[in-house]
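Remarks on the structure that follows.
Sequence lines set the chain letters: A, B, ... in the order given, protein chains first and strands last, and positions in each chain run from 1.
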4 protein chains.
Amino acid sequence: MASPTTANWRFKLHETIYESNTPAGKAFDVALLFAIFASIVVVMLDSVQSIHNQYGKLFSTIEWIFTGLFTVEYILRLISIKKPVKYVFSLLGIIDLIALIPTYLSFFFIGAQSLLVFRALRLLRVFRIFKLGQFITEMNFLKLALKGSIRKISIFLLTVLTLTVILGSVMYLVEKRENGFSNIPESIYWAIVTITTVGYGDISPITPIGKFVASVVMLIGYAIIAVPTGIITHDLALAARQKKELPESCPGCGSEGHDSDALFCKFCGSSLFK
Amino acid sequence: MASPTTANWRFKLHETIYESNTPAGKAFDVALLFAIFASIVVVMLDSVQSIHNQYGKLFSTIEWIFTGLFTVEYILRLISIKKPVKYVFSLLGIIDLIALIPTYLSFFFIGAQSLLVFRALRLLRVFRIFKLGQFITEMNFLKLALKGSIRKISIFLLTVLTLTVILGSVMYLVEKRENGFSNIPESIYWAIVTITTVGYGDISPITPIGKFVASVVMLIGYAIIAVPTGIITHDLALAARQKKELPESCPGCGSEGHDSDALFCKFCGSSLFK
Amino acid sequence: MASPTTANWRFKLHETIYESNTPAGKAFDVALLFAIFASIVVVMLDSVQSIHNQYGKLFSTIEWIFTGLFTVEYILRLISIKKPVKYVFSLLGIIDLIALIPTYLSFFFIGAQSLLVFRALRLLRVFRIFKLGQFITEMNFLKLALKGSIRKISIFLLTVLTLTVILGSVMYLVEKRENGFSNIPESIYWAIVTITTVGYGDISPITPIGKFVASVVMLIGYAIIAVPTGIITHDLALAARQKKELPESCPGCGSEGHDSDALFCKFCGSSLFK
Amino acid sequence: MASPTTANWRFKLHETIYESNTPAGKAFDVALLFAIFASIVVVMLDSVQSIHNQYGKLFSTIEWIFTGLFTVEYILRLISIKKPVKYVFSLLGIIDLIALIPTYLSFFFIGAQSLLVFRALRLLRVFRIFKLGQFITEMNFLKLALKGSIRKISIFLLTVLTLTVILGSVMYLVEKRENGFSNIPESIYWAIVTITTVGYGDISPITPIGKFVASVVMLIGYAIIAVPTGIITHDLALAARQKKELPESCPGCGSEGHDSDALFCKFCGSSLFK
């Protein structure tokens, strides 16, 4: 029942919020990123005890302002899109909602405000800034290459996890509880810390046999780190050779006619490169 | 002397247990993986002192049930295969047996149950799940590439080990016992921790000269990590170019006629890509 | 109004100071590098309390001598170049000035001498020694390849930073203040320490859930380290294939006619490969 | 003046000791490697206090036996080679001597025996075992590729070192003595520990600014580790394409006619691939 004027108005709003080809769209994206960034900095500073004691009330006010702004943005997104339900249940839609709820929840539950840290998830929108620059081609290129690597990397990660379960269990037997390997999950945690070469040192082998097993784990980790690298290098070369075309239609809603530099569907917001 | 019916029955059993082309085979594989996974989770949880105190008896019962199931599986594997001795002494056969013994040993020896952690080795069967998906080509590809790299990686690891023995010995002289480098094996352990960039910090240099030597070790480790990566990347590219054919016959038992996506011999269970 | 003799004299001085084709230019470069290196060693040794107590006065004298020499060098650079203002505000020009100021400042402010550590920045001139050897081609090659990678590496680093903000925030919620994750910036610092596989161990997870999240962070870090490597390897191969020509004119001052092995503009000192 | 028989005897001795084509040569190599390995194990075990207390005298006897054997070997090497002086001052010749001296020195100086750890250097002979197997081609291939990378890796390491000096100096200013960064060399050590992602945690930043600088150092280290990898991968591909021929003559003594799988000159012992 929307009059042409309304449709026009909604279309313009959609273009401003969901795309960045028009000057208004660019301005909106930059302003939104700035707001997200500022709101996260406030949450961060508020988490520092000494700063909180001094500026806690100021921060609380600012958080309410940002929550207000983001609520308006959320409502505008709902209004201007064709299928609001799709947006609400899309990844970005859920994140946008999660960024709002904690402030409102703090009316009813003490401590709910601490959930505000999830507002950091909105940072994922930061990748839109590449749409503003000349990074778009390189980003699509990387996405294509990594998409080709996902299966091989999965096999690799599963192998590493299996290894850590086995090596962690062995270490639990070798080092025993007294030396910090208090149970098998803890020992597996140690194996992951070691095989990824992180090496906190919060748990480390004490007995000679334990140190020998640990050395083996380290050398394995040191040698197999090469595998994902080889895979990705190989798939980058493949992707460069093939330079696949953009998908004709959105894998989310089937809509067509996306711009050649589009990363997300302009109708439903889901990634075009899934 | 087996009647045709028995042969038929054994053949079907073999197909179900050792392969996964048939619906029954797939179901068996999935069920087995689930059972292995569940039994390992139980062993893990039982190793946590607080959980053991509460549910120890329940876990003990569950472990007996799993051991019973795996024993039945082991017997079925023995019955349905042509050459049971080959299976018993194959890697997977030994692992299957090791997963059973500890529970039975616990009748005779106190603490034998702790050997149950070796049940984690059965996780190696997890790679069968790739037969169920579309990972098979990529897995074979990785296997071929890594097979080509093994010799070069061996040379690399031997070089690293020689370096750690020499650098560890030097560090033992430089830092002396008082600073944690209590003997040469310990110093070699430190050198491995350092050259692989794990860096627990349980042993770290104290004297200026020691810190200098350690810096050299770190920079060596940082620079030579590139070598295995280069090797594997190179061999991945080679493997992609050559795409060698499947071996005609099993290197274990010489049998032929394996499916194009087979990873293990369907008669003796040994890897077709050794 | 410079007489031909003056012009000649300035030209020769310019050639000696800014280039290294002539014997005098080579000698100047080597002498300068030696002086920079020696002055930095003095600053380093002076920072060691015990050595400072013994030789503090000697070091102070030596620092004045080096400052005097570098001041003369700075003035000669100003005199012999066509556009002194350009040099003063170029990166190398600013560094050269920063290396001088602290000693003079120490007249007026106590402690200003500690700023002498910035003299280490002059070490950047060390890359001139490659002009003396046969490293020039390889260095240009690397520069070209890395220039091509910068955008992709930027995308990668932004992704890593976004991940650390999100994962650090999550960890702050999971582990709480009591376990060392005292605020969100601290937790982000922990996430960077972990995802880059450095792993100091000054902050490490205590609770089981925290250890699980940390394991995920480590595995992510372990898997994505492959991405920049793949990118650079790929761009090295590209650079090798294309072997782009030297730029015709200096991007800084537009001057032409640079030697084929020139890295910096011989007139304004800015990099030819920006 | 050597009679033909003597010449013949010396030639056979030379072939046995310096080459491994003949059965006698192979046997000698294997026996020597075994002796080196055993002697190093004895030195290692002797460094463990508790084992030394029990078996110290036995170990001392064994060390004398090994020293005797290696002395005989050293003399035979001197006799059987054309130019003994060249061998004495070659790398392997010096190592062979260093492995002998400490035991004899222990007559005159107490503690000289601790220098026995340098016997570990003889492990470098372990690479001869590749002559016995089929590793020779791959080893030569790796050597060629790495030779091509050396200059680029040098540039990389110099860049990293310059960075660590600068970043370490900055950190010294930021964190001050009280926080463990007690002087500039110590801070540079910290920067190396961090940029190579080793991360012992013996020194780690305390102040917020220090943690920020440290984060930057880590991200730099994480990103630039990709550079040597890219270089080596690239040069492996180059080496595979070019497969350069063996050098016609030894770069050490100019002699010709080496076997196609020779790694070291059979007359002077210097590497053929320098």
Side-chain angles (χ1 to χ4, degrees), chain B residues 149 151-152 154-156 158-159 161-163 165-173 176-177 182-188 193-206 208 211-212 214-235 237-238, chain D residues 40 43-49 51-52 114-121 123-124 126-127 129-130 133-135 137-139 141-142 145-146 149 153 156-157 160-161 164 185-186 188-189 192-193 195-202 221 225-237 240:
Chain B
S149 301
R151 272 191 201 161
K152 297 197 208 78
S154 306
I155 296 176
F156 172 74
L158 192 84
T159 313
L161 276 176
T162 309
L163 271 173
V165 171
I166 293 171
L167 292 167
S169 302
V170 169
M171 206 63 177
Y172 170 68
L173 267 195
K176 306 278 162 46
R177 286 202 182 131
S182 37
N183 52 58
I184 296 182
E186 197 100 337
S187 296
I188 293 171
V193 168
T194 301
I195 216 168
T196 57
T197 78
V198 170
Y200 285 132
D202 51 349
I203 313 174
S204 63
I206 311 283
K211 285 182 176 173
F212 178 76
S215 299
V216 173
V217 177
M218 286 174 228
L219 288 171
I220 290 175
Y222 192 58
I224 63 178
I225 179 71
V227 177
T229 310
I231 292 167
I232 284 174
T233 307
H234 178 62
D235 281 321
L238 274 191
Chain D
I40 290 170
V43 174
M44 276 188 194
L45 291 176
D46 200 30
S47 78
V48 183
Q49 196 67 54
I51 303 181
H52 174 82
S114 73
L115 295 170
L116 260 177
V117 299
F118 288 115
R119 191 166 274 175
L121 286 169
L123 263 186
L124 288 174
V126 91
F127 293 102
I129 65 168
F130 294 127
Q134 293 161 292
F135 287 79
T137 332
E138 253 118 358
M139 195 163 168
F141 173 64
L142 280 179
L146 295 184
S149 301
I153 298 282
F156 172 75
L157 278 182
V160 170
L161 276 175
T164 54
E186 197 100 336
I188 293 171
Y189 163 73
I192 294 175
V193 168
I195 216 168
T196 57
T197 78
V198 170
Y200 286 132
D202 51 350
I225 179 71
V227 176
T229 311
I231 292 167
I232 285 174
T233 308
H234 178 62
D235 282 321
L236 273 173

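- When heavy atoms are compared at a cutoff of 4.5 Å, B:Y172 approaches chain D solely by way of its side chain, counted from C-beta outward.
- Contact annotation for D:I51: neither backbone nor side-chain heavy atoms come within less than 4.5 Å of a heavy atom of chain B.
- Interface check for chain B: of the options D:I188, D:V193, D:I153, D:L45, the most heavy-atom pairs under 4.5 Å are formed by D:V193.
- Contact of B:V198 with chain D is made through the backbone alone, with heavy-atom distances under 4.5 Å.
- Between chain B and the options D:I40, D:L146, D:T197, heavy-atom pairs under 4.5 Å are most frequent for D:T197.
- Between the side chain of D:S47 and the backbone N or O of B:I184, at least one donor-acceptor pair lies under 3.5 Å.
- With a threshold of 4.5 angstrom between heavy atoms, B:T196 does not approach chain D through any atom at all.
- Looking at B:I203, the atoms closer than 4.5 Å to chain D (heavy atoms on both sides) all sit in the backbone: N, CA, C or O.
- In terms of modelled atom types and a separation under 3.5 Å, the side chain of B:Y222 and the main chain of D:G221 share a donor-acceptor contact.
- B:T194 touches chain D through backbone and side chain together, each having a heavy atom under 4.5 Å away.
- Applying the salt bridge (charged side-chain N to carboxylate O under 4.0 Å, His left out) rule to B:D202 yields no partners; only residues at least two apart in sequence or on another chain are considered.
- Your options are B:P205, B:S182, B:A214, and the one with the most heavy-atom pairs under 4.5 Å with chain D is B:P205.
- Exactly one of B:I231, B:V227, B:T233, B:T229 qualifies for a side chain to side chain contact (heavy atoms under 4.5 Å, CB included) with D:I232. That residue is B:V227.
- Between B:F156 atom CZ and B:S149 atom OG the span is 12.5 Å, to the nearest 0.5 Å.
- Residues B:I225 and D:I225 form a side-chain contact, since some pair of their non-hydrogen atoms from C-beta on lies under 4.5 Å apart.
- For the side chain to side chain contact (heavy atoms under 4.5 Å, CB included) test, residues two or more places apart in sequence or in another chain that qualify with D:L121 are B:I166, D:I95, D:F118.
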